[in-house]
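Keep in mind that this is a model prediction, so the values were computed, not measured. Every chain is numbered from 1, with letters handed out A, B, ... down the list of sequences.
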Protein chains: 2
Amino acid sequence: MTKPDTAERILDIAEKAARTGGYNAFSFREIAAEIGIKSASVHYHFPTKEALGEALAGRYSDNFFKVLGDPQGAEPAELLKRYVAAYGAALKQDGLMCLCGVFGAEIADLPPPVARATRAFFERNLDWLRQVHCRHGMAPEQAEKAAAHMIAALEGAMILARAMGDAALFDAAVARLS
Amino acid sequence: MTKPDTAERILDIAEKAARTGGYNAFSFREIAAEIGIKSASVHYHFPTKEALGEALAGRYSDNFFKVLGDPQGAEPAELLKRYVAAYGAALKQDGLMCLCGVFGAEIADLPPPVARATRAFFERNLDWLRQVHCRHGMAPEQAEKAAAHMIAALEGAMILARAMGDAALFDAAVARLS
DNA sequence: ATTCTCCTATCTATCAATAGGTAGATAGAT
DNA sequence: ATCTATCTACCTATTGATAGATAGGAGAAT
């Protein structure tokens, strides 16, 4: 039989809540209640909230880049299309914000380890995009700007679409990117 | 003498906290402590937290569009430059996020009146930009996309710059806009 | 085979801190 | 005498976190 893997379920539930309302939107008690255990048992798997938040951002980042694949792999144009689609999927399939987008908005109030993990996500994004743009024949200076622009447009597009309750606004906002 | 105008001070303090850590980052007690009154007195000016949040978003929006001015006023190119500068000022002068950007990221967890006021901010943004772009000779369809794109890029650029602790990333991300 | 030991994962029970909110009193100004 | 703005004192709910007990399984020692 498939083992419950409580730690994974904790992360799943916490991620969903965090991507809806930020770092304060998930609590040990709510997570425990949804699984059907006690809040003390959640502390067994993640000793503190900041440890849970850090694991959350780390797993989200890893999953994200597993989908994107090697920046030196497929054709640059194809990779960029895949990049935009990854954000779109997070919004439309999950119906949620980007976890690190939410954390990024409130970064100054996050515990240092969570803030670090959030920063790492954006650093990896910048790095991945810089590589792809350079392969596409762009000068390093321009690649840097293009990378920052793409991240910004996609994170902002998610906020705008969710705020207005209109997923079509996401597509409108990022139409010029791909 | 200048009267204290407690309500205004409450809004100032709450706005700063909210633009740092979102809706849960400001509390009646913290606001009261910073002013030097009791939390019950804050309830006198704003009966509930959602009323305070709503007033917060409303005032932020009004101030923002007072800076921008009439979309039918100055030259379109000049207006767009002013628009980008307004976001840049919010980030660099205040050192804070856009209030409605933070609220937008956690909109699904906000009390309905606060969510409405946040949506109204973005609606006004879309409207203002649509008008300016149309005046600039853009077709309505393209103006809609361009408007959504600008809002998204600017909100996202603020998140990225704050998350990475590097204001230059804001300029890099929005370089192509103006 | 039985017993002892250890680890895993959960439980009960509780703590101190903080949250938003309310009732009712009070001082001062109009 | 009324209104404004504050106070004191309290309530209930929720938060993250901890101490200590418990049940069950795995492996080793007898």
**Q** Using 30° and 60° as the class boundaries, would you call the ring planes of A/Tyr23 and A/Phe103 parallel, tilted or perpendicular?
**A** perpendicular
**Q** Please determine if a side-chain N or O atom of B/His45 lies less than 4.0 Å away from the OP1 or OP2 oxygen of D/dT4.
**A** no
**Q** Does B/Tyr44 place a side-chain N or O at less than 4.0 Å from the phosphate oxygens OP1/OP2 of D/dT6?
**A** no
**Q** Counting heavy atoms from C-beta on, name the nucleotide in D/dA19, D/dT15, C/dG20 closest to the side chain of B/Arg29.
**A** C/dG20
**Q** Round to a whole Å and report the spacing from CZ of A/Arg9 to C1' of C/dA9.
**A** 14 Å
**Q** Rounding to a whole Å, what distance do you find between B/Ile10:CD1 and D/dT6:P?
**A** 8 Å
**Q** Hey, is the side chain of A/His43 poking within less than 4.0 Å of OP1 or OP2 on C/dT10, counting only N and O atoms?
**A** no
**Q** Whole angstrom is fine here: how far is it from CZ in A/Phe28 over to C1' in D/dT15?
**A** 10 Å
**Q** Rounding to a whole Å, what distance do you find between B/Asn24:CG and D/dA13:P?
**A** 19 Å
**Q** Would you mind reading off the distance between B/Ile35 atom CD1 and D/dT6 atom C1', rounded to a whole angstrom?
**A** 12 Å
**Q** Specify the separation, in whole Å, of atom CZ of B/Phe26 and atom C1' of C/dT18.
**A** 15 Å
**Q** Could you state the atom-to-atom distance from CD1 of B/Ile37 to P of C/dA27 in whole Å?
**A** 19 Å
**Q** For a quick test of reading the model: is some side-chain N or O of A/Ser27 closer than 4.0 Å to OP1 or OP2 of D/dT14?
**A** no
**Q** Tell me, with the steps shown, if B/Phe65 and B/Tyr60 meet ring pair (Phe, Tyr, Trp, His ring centres under 6.0 Å).
**A** CA-CA 9 Å; B/Phe65 284 96; B/Tyr60 186 83; 9.7 Å; no
**Q** Any side-chain N or O of A/Ser41 under 4.0 Å from OP1/OP2 of C/dA9?
**A** no
**Q** Do any of residues 46-60 of chain A sit with a heavy atom less than 4.0 Å from DNA chain D, and if so which?
**A** A/Thr48, A/Lys49
**Q** Output the rounded distance in Å from NZ (A/Lys38) to C1' (C/dT8).
**A** 20 Å
